[in-house]
**Student:** 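My questions will all concern the structure given below.
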Amino acid sequence: MTIDTAASLGLRFERVTGTIGALVHGLELVPTRAAGAPDTLRCALHEFGVLFFEFDHAISAPEFLAFAQLFGEPEEKYKLTLARGEAPYIDSDPVPMKEFRVNVWHSDGTALECPPQSAMLTPVELPETGGDTLWASMYAAWEGLSSHYQSLLDGLDVLHSTARLPFLRESSTAVHPAVIRDPVTARKMLFVNSNYTERILGMSDRESEALLRMLFEHVNTPEFHVRLRWRPGVIAVWEERVTQHRGVADFVGPRKLRRLTFAGDRPRR
Ligand SMILES: [Fe+2]
């Protein structure tokens, strides 16, 4: 699979930064399911990390569900969420996000043995201004480390848990490699995040904390990022391992986003 087939499907991917994110042109909101489009989009998702789609009106629930079919089977019950929601999609609580650690860099559900593979969002209700979402490339984060840190991290295992997120409906722990390889692009990526990663195994507490603190700060490097200003009619779809994301809690009033999560397999070296 490659994204070279895009042109023959009438699709065009416009990079929005040098490292992460592409705006997708040429796709209909209710797709005609052109043969090959799901494969091409999946390749692009792994390549660019996050894809943005712009349509001319706010996305209805049936349109959102139909569009999701291009990206796979939605996960019926995404357990590590605070929302109870109307399955299969969840509407976020329109409360200030500071309480819920969605405004720190994270990948979703990495305390699960099989964390989500990807997710999609569209706005339901937006503040007048603010409340953007950012994504960070974990390819870029890995490639931005010196060879010394890369050798130290590659091969390490890391404990992920819900200890910092006591408001989630369920608790969980899982051990994953600190560095994983994308099955589509074969590129390596950093796989630790400040919400779920608790400690690096095989190190003292002090060593683990110091290394994780450095990595969490490293993820917060603007060259790895793309920022989306939401407006009605926008859909964002991201690969959960290739990227991390965070909201920006700089708004007043309600901000409600509708979300679907796609099931994933076990992250591998
Ligand atoms: Fe999230």
Side-chain angles (χ1 to χ4, degrees), residues 20-21 45 49-52 64 68 71-72 74-85 87-127 130-138 141 160-172 174 176 180 189-198 215-216 219-220 224-230 234-251 255-264 267:
I20 178 173
L45 199 54
V50 55
L51 300 177
F52 304 118
F64 192 57
F71 294 94
E75 195 162 46
E76 280 295 318
K77 282 184 289 177
Y78 174 49
K79 294 187 288 186
L80 297 188
T81 179
L82 53 101
R84 290 182 185 278
Y89 65 76
I90 291 165
D91 284 349
S92 67
D93 223 340
V95 294
M97 53 171 78
K98 281 178 187 161
E99 303 163 41
F100 297 128
R101 289 186 66 93
V102 289
N103 64 330
V104 297
W105 286 110
H106 66 283
S107 181
D108 292 314
T110 60
L112 295 167
E113 294 286 324
C114 295
Q117 196 74 50
S118 52
M120 63 186 258
L121 276 180
T122 198
V124 176
E125 190 174 4
L126 290 174
D132 295 355
T133 298
L134 290 95
W135 286 265
S137 166
M138 292 304 104
H160 294 243
S161 83
T162 48
R164 293 194 202 93
L165 307 135
F167 46 79
L168 295 180
R169 287 187 298 151
E170 294 192 22
S171 59
S172 180
H176 297 299
I180 60 173
M189 66 192 97
L190 184 66
F191 194 58
V192 298
N193 73 84
S194 54
N195 259 357
Y196 292 103
T197 304
E198 193 171 310
L215 293 173
F216 297 159
V219 166
N220 197 30
F224 307 159
H225 300 167
V226 63
R227 180 168 181 145
L228 175 66
R229 174 174 287 190
W230 292 105
V234 167
I235 297 175
V237 184
W238 68 97
E239 216 290 339
E240 287 276 9
R241 295 136 196 225
V242 174
T243 62
Q244 292 188 23
H245 58 277
R246 55 159 295 168
V248 182
D250 63 348
F251 57 94
R255 170 188 182 271
K256 189 193 272 193
L257 298 175
R258 178 162 293 157
R259 174 206 170 98
L260 262 177
T261 306
F262 300 97

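Counting starts at 1 for both ligands and their atoms, in listed order.
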**Student:** Are Gln117 and Glu240 linked by a side-chain donor-acceptor pair shorter than 3.5 Å?
**Tutor:**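 No, Glu240 and Gln117 have no side-chain donor paired with an acceptor closer than 3.5 Å.
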**Student:** Parallel, tilted or perpendicular for Tyr89 and Phe64, by the 30°/60° rule?
**Tutor:**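 Ring orientation, 0 to 90° scale: perpendicular.
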**Student:** Would you please classify the geometry between the His160 ring and the His176 ring as parallel, tilted or perpendicular, with 30° and 60° separating the classes?
**Tutor:**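 Taking His160 first and then His176, their aromatic rings stand perpendicular (interplane angle over 60°).
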**Student:** List-wise, which protein N, O or S atoms are found short of 2.8 Å from the Fe ion (ligand 1)?
**Tutor:**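 Those protein N, O or S atoms (cut-off: under 2.8 Å from the Fe ion (ligand 1)) are His106 NE2, Asp108 OD1, His245 NE2.
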**Student:** Locate the shortest heavy-atom distance separating Thr110 from Ala174; write the atom from each residue and the value.
**Tutor:**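 So the two residues come closest at O-CB, 4.1 Å.
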**Student:** For a 4.5 angstrom cut-off between non-hydrogen side-chain atoms, does Asp108 reach His245?
**Tutor:**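 Contact flag for Asp108/His245 side chains = yes.
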**Student:** Mind checking what makes salt bridge (Lys or Arg N to Asp or Glu O under 4.0 Å) contact with Arg246, not counting sequence neighbours?
**Tutor:**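 Result, salt bridge (Lys or Arg N to Asp or Glu O under 4.0 Å) vs Arg246: none returned.
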